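Everything quoted here is computed from the prediction, not taken from an experiment. We number each residue from 1, following the sequence as shown.
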Amino acid sequence: VPKLDGDVTNKEYVIRDAEIVYKFMTKFQKYINDELKINLGITIGQLAMSAYRRNYMEKPLEETYNSPNCLKAYYGGRVEIFYKGAIENVKVSDINSSYPNVMRNFPYPDTSTVEPSSIDTHEFGIGKFKVYVPEKLFVPVLPVKSSNKRLFFPTGTFTGWWTYAEVRHAVSMGCEIIKEYKGEGTNQACYPFINFIDDFYEK
């Protein structure tokens, strides 16, 4: 349906814009119902998860890994402002389709094989550590949640739950593991999203 020339003060223009969206959503809903066998959701993320669970997930949900310790090692994104003021000659780079690339090509832990673990014996995992982060680090690397659930990245000596990957990265940046208390992990990798990503790229 072609878009008309005009603006929001033109009644025909506004009605045509609504018609375009209506026809698209009608066809879109029919497609996801008939082809993907899922219902229309509120967000793209919800649709993607529904499509994955319905058509690509090999293990039933009751077999998935639901350790409460995972939530202790789960943090949001980092959003600090490192510099304030005018900056010249800014260059930006981005990875095209970063999420699908990581989902398709990077190994994930096979959570059906998780067992008590340590950072030295298991490739994938989470653990509780006491660490030292030197003050000289311009960008401290291990996240901590404060009592009011704010995320910050401290220096000094402190204890927390992190993934083994995060702790290994911290050590490579000059941090130290003072003590490892406990952990759970696996050496078994899996690639659960390959068919999901390949099919949708082909579509």
Side-chain angles (χ1 to χ4, degrees), residues 42-46 48-49 52-53 57 61 64-85 87 90-193 196-197:
I42 297 174
T43 65
I44 294 292
Q46 182 182 3
M49 180 63 76
Y52 175 74
R53 287 181 169 176
M57 192 168 73
L61 284 175
T64 57
Y65 178 67
N66 289 307
S67 167
N69 289 328
C70 271
L71 289 178
K72 298 175 186 175
Y74 183 80
Y75 301 92
R78 187 169 200 161
V79 293
E80 292 110 321
I81 298 174
F82 296 110
Y83 296 101
K84 291 183 179 181
I87 301 175
V90 176
K91 295 182 179 180
V92 176
S93 62
D94 196 7
I95 301 171
N96 185 31
S97 302
S98 178
Y99 280 111
N101 177 61
V102 171
M103 289 171 70
R104 189 194 188 286
N105 299 315
F106 284 69
Y108 285 77
D110 182 346
T111 55
S112 67
T113 63
V114 170
E115 60 188 1
S117 66
S118 77
I119 195 169
D120 294 327
T121 62
H122 288 72
E123 176 67 21
F124 307 99
I126 58 169
K128 182 180 181 181
F129 296 88
K130 185 176 185 180
V131 296
Y132 170 71
V133 177
E135 291 185 12
K136 65 181 181 180
L137 276 184
F138 175 63
V139 183
V141 293
L142 291 174
V144 173
K145 287 179 185 170
S146 64
S147 57
N148 62 353
K149 306 300 182 185
R150 298 293 298 271
L151 192 67
F152 66 106
F153 294 79
T155 59
T157 301
F158 52 93
T159 300
W161 284 85
W162 301 283
T163 66
Y164 291 164
E166 287 175 300
V167 176
R168 290 183 185 118
H169 176 65
V171 170
S172 75
M173 298 293 291
C175 304
E176 299 175 26
I177 299 173
I178 297 174
K179 184 175 181 179
E180 181 177 7
Y181 295 95
K182 56 184 174 179
E184 44 199 82
T186 180
N187 285 313
Q188 301 299 314
C190 63
Y191 293 82
F193 302 114
F196 175 68
I197 297 298

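- By the neighbour-count criterion of 12 heavy atoms within 6.0 Å, atom OH of Y181 is densely surrounded, having more than that number from other residues, nucleotides or ligands.
- Looking at F193 and V102, their side chains never come closer than 4.5 Å, going by heavy atoms from C-beta outward.
- Shown here for D110 and S112, the closest heavy-atom pair between the two residues is OD1-OG, 2.7 Å.
- For the pair V167 and E180, the minimum side-chain heavy-atom distance is 4.5 Å or more.
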query = Step by step, would you call S67 with T111 a side chain to side chain contact (heavy atoms under 4.5 Å, CB included)?
reply = CA-CA 10 Å; S67 167; T111 55; over 6 Å; no
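- Minimum interatomic distance between Y191 and R104 (heavy atoms only, all atoms of both residues): CD2-O, 3.9 Å.
- We find the OH-CZ distance between Y75 and F153 to be 9.5 Å, quoted to the nearest 0.5 Å.
- When every heavy atom of F124 is checked against every heavy atom of P109, the shortest pair comes out as CB-CB, 3.6 Å.
- Residues that satisfy the salt bridge (Lys or Arg N to Asp or Glu O under 4.0 Å) test with R168, not counting sequence neighbours, are absent from this structure.
- A heavy-atom distance below 4.5 Å is not found between the side chains of C175 and L142.
- Contact of the F196 side chain with the M57 side chain is not registered, since no non-hydrogen atoms from C-beta on lie closer than 4.5 Å.
- To the nearest 0.5 Å, the span separating CD1 on I178 from OH on Y132 amounts to 9.0 Å.
- Counting heavy atoms from C-beta on, the side chains of N101 and F106 come closer than 4.5 Å.
- Judged by distance alone, the side chain of W162 and the main-chain N or O of P143 form a donor-acceptor pair under 3.5 Å.
- Residues in residues 137-156 take part in these side chain to side chain donor-acceptor pair (under 3.5 Å) pairs, two or more places apart or across chains: S146-N148.
- Counting heavy atoms from C-beta on, the side chains of V133 and P140 come closer than 4.5 Å.
- With rounding to the nearest 0.5 angstrom, the CD atom of E166 is 10.5 Å from the CZ atom of F129.
- Closest heavy-atom contact between V114 and E184: CG1-CB, 3.9 Å.
- Atom OH of Y74 sits in a sparse spot, with 12 or fewer heavy atoms from other residues, nucleotides or ligands closer than 6.0 Å.
- Atom CD1 of residue I126 and atom CH2 of residue W161 lie 5.5 Å apart, to the nearest 0.5 angstrom.
- A 6.0 Å sphere centred on NZ of K72 holds more than 12 heavy atoms belonging to other residues, nucleotides or ligands.
- The OG1 atom of T113 lies 8.0 Å from the CG atom of N187; values are rounded to the nearest 0.5 Å.
- Within the structure, side chain to side chain donor-acceptor pair (under 3.5 Å) pairs that include any residue of residues 118-129 comprise E115-H122, S118-T121 (at least two apart or interchain).
- Between G185 and S117, the shortest heavy-atom distance links the atoms N-OG, 2.8 Å.
- The shortest non-hydrogen separation linking G127 to Y164 is N-CE2, 3.9 Å.
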task = Report the C-alpha separation of T157 and K130 in whole Å, then their side-chain angles, then the decisive distance to 0.1 Å, and conclude whether the side chain to side chain contact (heavy atoms under 4.5 Å, CB included) test is met.
result = CA-CA 7 Å; T157 301; K130 185 176 185 180; 3.6 Å; yes
